[in-house]
Amino acid sequence: MLNGKVAIVTGAAQGLGRSFCDILLQNGARVALLDVNEVLGKEVKDDFEKKYGPDKTQFIKCDVSKDEDFKDGFQKTVEKFSGVDIVCNNAGIVDEKNWEKTISINLAGVVRGTYLALDCMKKENGGRGGVIVNVASLAGLGPLPPAPIYTATKHGVMGFSRAMAAVSELTGAGVRINILCPSFVSTDLLSTFHQEEKTGQFFCLKDLSASLLEKYGVLEPAVVAKGLFLLVTDESKNGEVLLISRERAAFVVFPKGTGELPCVPVSL
Ligand SMILES: NC(=O)C1=CN([C@@H]2O[C@H](COP(=O)(O)OP(=O)(O)OC[C@H]3O[C@@H](n4cnc5c(N)ncnc54)[C@H](O)[C@@H]3O)[C@@H](O)[C@H]2O)C=CC1
Ligand SMILES: CCCCCC(=O)CC\C=C/C=C/C=C/[C@@H](O)[C@@H](O)CCCC(=O)O
């Protein structure tokens, strides 16, 4: 289904990003693995090479918070695979103490990756069109009290990506932009929920964290990867938000305009 297609996945060295690469490779795509972790990234590339054969993957060391790194990642991908069709802006962290770092990766990194992807794929630039999937979270749909900055970045990814999907459609860029909102997933990032050095002043809410984990359950990365595959392959989807939790996978329906927002009127 994805034969001949070229994908870029950030945060590809482990967790959800690794699963996203796997399902894209399984379906015939060639994949550039971008990650700041060079050791793990090269190991994953070797694993994929054993599983899918040579010349299907390329690991590129890239810190999505650095402009030159990210531009270099795109340039090396185009040089190796002669173009890009799919971009998954997945890299993300939880660090409520170093909150500027969290914003620079989770939000600014997604903005950077979306702009680079559009420059590379949009038809007016000689691109062949394509699709961008930005990874938000259930915390992009509602507040996650133990991680307010993380929540802010994911809400930012939601607003930015939905606006850019409209921009892409209005300008005829030929690039679809969709958003993935998973619930808790069994990856290294989830363990930060219980680490005081990552949750900082909000570590006091660790009981709420535990109850939220109980309430929402924990998904396997491969389940979320199926959601990525749907957003990549369903060409009718642009500006869509796919929520994936233990109970359901569903496209979020938003009010058509602010006039339809559920509100309680007040007299001023
Ligand atoms: N694990 C979970 O419960 C959920 C995770 N997500 C989101 O999914 C995405 C992936 O998270 P996980 O796979 O769970 O985390 P993870 O910690 O297992 O993997 C994240 C990957 O991103 C890489 N990375 C970190 N900073 C980077 C940077 N500056 N530049 C490039 N790569 C960088 C890491 O080296 C790592 O390989 C994140 O955006 C996260 O917010 C969303 C909902 C739930
Ligand atoms: C800090 C660790 C983050 C782990 C990575 C995630 O993105 C996990 C996101 C999973 C669940 C988020 C749930 C957010 C729920 C809110 O919408 C709100 O409903 C929470 C209010 C408390 C409650 O639901 O009882």
Side-chain angles (χ1 to χ4, degrees), residues 8-21 33-44 59-67 69-70 73 88-96 98 101-110 112-113 133-158 161 179-196 198-200 202-203 205-225 227-228 242-247 252:
I8 289 177
V9 178
T10 68
Q14 65 182 57
L16 281 168
R18 178 173 181 154
S19 287
F20 294 161
C21 294
L33 292 67
L34 274 53
D35 203 296
V36 70
N37 187 327
E38 191 164 19
V39 172
L40 263 185
K42 286 179 173 174
E43 283 176 16
V44 170
F59 173 73
I60 303 164
K61 187 176 187 299
C62 168
D63 179 340
V64 298
S65 68
K66 294 177 179 165
D67 220 34
D69 266 27
F70 220 156
C88 180
N89 290 302
N90 164 73
I93 67 168
V94 171
D95 190 336
E96 296 295 317
N98 302 300
K101 177 183 177 184
T102 304
I103 292 171
S104 69
I105 294 168
N106 294 16
L107 181 54
V110 171
R112 192 170 287 113
V133 179
N134 290 335
V135 180
S137 158
L138 222 50
L141 293 165
L144 185 59
I149 293 294
Y150 179 84
T151 298
T153 65
K154 295 305 182 178
H155 275 64
V157 168
M158 290 282 299
S161 304
I179 305 156
L180 204 45
C181 285
S183 174
F184 296 109
V185 186
S186 58
T187 70
D188 283 1
L189 184 117
L190 193 54
S191 62
T192 58
F193 220 8
H194 314 294
Q195 295 169 14
E196 187 165 6
K198 295 296 183 186
T199 52
F202 310 107
F203 185 66
L205 298 176
K206 58 184 178 297
D207 293 345
L208 173 61
S209 303
S211 66
L212 285 170
L213 269 167
E214 185 66 30
K215 174 179 177 181
Y216 289 98
V218 180
L219 297 163
E220 285 306 311
V223 171
V224 183
L228 171 88
L242 181 58
L243 179 163
I244 304 178
S245 68
R246 181 177 50 184
E247 284 69 36
V252 179

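One is the number of the first residue; the rest follow in order along the sequence. Below, all heavy atoms of this structure are taken into account, side chains as well, without hydrogens, waters or symmetry copies. Start at 1 and go down the list; that is how both ligands and their atoms are numbered.
If you look at Val185 next to ligand 2, there are no close heavy atoms at all, none under 4.0 Å. Of the heavy atoms in Leu212, only side-chain atoms (C-beta onward) come closer than 4.0 Å to ligand 2. Looking at Lys215 against ligand 2, only its side chain comes within 4.0 Å, counting heavy atoms.
Residue, atom and distance of the protein heavy atom nearest to atom 9 (C) of ligand 2 are Ser137 OG, 3.2 Å. With respect to atom 6 (C) of ligand 2, the closest heavy atom belonging to the protein is Tyr150 OH, 3.3 Å. Ranking protein heavy atoms by distance to atom 12 (C) of ligand 2, first place goes to Leu138 CB, 3.6 Å.
The shortest non-hydrogen separation linking Glu220 to Val185 is C-CG1, 4.0 Å. Pairing each heavy atom of Ser19 with each of Ala222, the nearest pair is OG-N, 4.0 Å.
Considering CG of Asn89 and OG1 of Thr10, their distance stands at 5.0 Å, rounded to 0.5 Å. To the nearest 0.5 Å, atoms CG (Leu180) and CZ (Phe20) are separated by 5.0 Å. We find the CG-CZ distance between Leu33 and Arg18 to be 9.0 Å, quoted to the nearest 0.5 Å. One finds the OG1 atom of Thr102 at 7.5 Å from the CD1 atom of Ile149 (value rounded to the nearest 0.5 Å). Expressed to the nearest 0.5 Å, how far OG of Ser183 lies from CZ of Arg246 amounts to 8.0 Å. Distance OG1/Thr153 to CD1/Ile105: 10.0 Å, rounded to 0.5 Å.
Contacts of ligand 1 (protein heavy-atom distance under 4.0 Å) are Gly11, Ala13, Gln14, Gly15, Leu16, Asp35, Val36, Asn37, Cys62, Asp63, Val64, Asn90, Ala91, Gly92, Ile93, Ile105, Val135, Ala136, Ser137, Tyr150, Lys154, Pro182, Ser183, Phe184, Val185, Thr187, Asp188, Leu189, Leu190.
Backbone and side-chain nitrogen or oxygen atoms of Ser183 are examined, and none is located within less than 3.5 angstrom of a nitrogen or oxygen of ligand 2. The distance criterion of under 3.5 Å between nitrogen or oxygen atoms is met by Tyr216 with respect to ligand 2.
No hydrogens or angles considered: a donor-acceptor pair under 3.5 Å links the side chains of Gln14 and Asp188.
Counting the atoms of ligand 2 from 1 in the order shown, those under 4.0 Å from a heavy atom of Leu189 are 4 (C), 5 (C).
Between Val157 and Leu107, the closest side-chain pair of non-hydrogen atoms falls below 4.5 Å. Looking at heavy atoms from C-beta onward, Pro148 lies in side-chain contact with Glu96 at the 4.5 angstrom threshold.
In this comparison of Ala139, Pro143, Gly142, the heavy atom closest to atom 21 (C) of ligand 2 sits on Pro143. When Phe193, Phe202, Phe184 are checked for heavy-atom proximity to atom 11 (C) of ligand 2, Phe184 turns out nearest.
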